[in-house]
Undergrad: 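One structure, pasted below without further comment.
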Amino acid sequence: MPKSRIRKKADYTPPPAKQATAIKLTNRSWVAPVMLAMFLVGLAWIVVFYVTDGTLPIDTLGNWNIVVGFGFIAAGFGVSTQWK
């Protein structure tokens, strides 16, 4: 019976080295102060509305002052998505 040929395996060649890609980081130091300011303004708006029995911050808005306060808080959450 004939002998089968022995296949030679290729020498090990390591995969090519991966080059590090530069990550572009932008300066977003404004995000945290703006976010906290929006939260605090919204909270203060709602607290002032309740403490003054609806006469402040803007009397003509009436109960819509609560929506304005929660709008500031929602804007703070919107700004927080830019935080890295």
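Computed from a predicted structure; not experimentally measured. Each residue takes its place number in the sequence, starting with 1.
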Undergrad: Would you compute the distance between atom CH2 of Trp83 and atom CE of Met35 and round it to the nearest 0.5 angstrom?
TA: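 Reported to 0.5 Å precision, the distance equals 4.5 Å.
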Undergrad: Are Phe39 and Leu43 connected into the same hydrophobic cluster when the rule is that any two of I, L, V, M, F, W, Y join if their side-chain heavy atoms are below 4.5 Å apart?
TA: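 Looking at the clustering, Phe39 is in a separate group from Leu43.
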Undergrad: Who clusters with Leu40? Use side-chain heavy atoms, under 4.5 angstrom, across I, L, V, M, F, W and Y, and order the result by chain and number.
TA: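 The other cluster members (ILVMFWY side chains, heavy atoms under 4.5 Å, direct or chained): none.
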Undergrad: Can you name the side chain to side chain donor-acceptor pair (under 3.5 Å) partners of Thr13, sequence neighbours left out?
TA: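 With neighbours one apart ignored, the set is empty.
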Undergrad: Can you name the ring-ring contact (aromatic ring centres under 6.0 Å, His included) partners of Phe49, sequence neighbours left out?
TA: none
Undergrad: Using a 3.5 Å cut-off and no angle test, enumerate the donor-acceptor pairs between side-chain atoms of residues 66-78 and protein atoms at least two apart in sequence or in another chain.
TA:
none

Undergrad: How would you list all residue pairs meeting side-chain hydrogen bond (donor to acceptor under 3.5 Å, both in side chains) that involve residues 31-52, not counting sequence neighbours?
TA: Trp45-Asn65
Undergrad: Answer yes if Met38 and Ile58 sit in the same cluster of Ile, Leu, Val, Met, Phe, Trp and Tyr residues linked by side chain heavy atoms under 4.5 Å apart, and no otherwise.
TA: yes
Undergrad: Does one hydrophobic cluster hold both Val41 and Trp30, with members joined at side-chain heavy-atom distances below 4.5 Å?
TA: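 Yes.
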Undergrad: Which residues end up grouped with Tyr12 if you chain together Ile, Leu, Val, Met, Phe, Trp and Tyr wherever their side-chain heavy atoms are less than 4.5 Å apart?
TA: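 Same cluster as Tyr12: nobody, lone residue.
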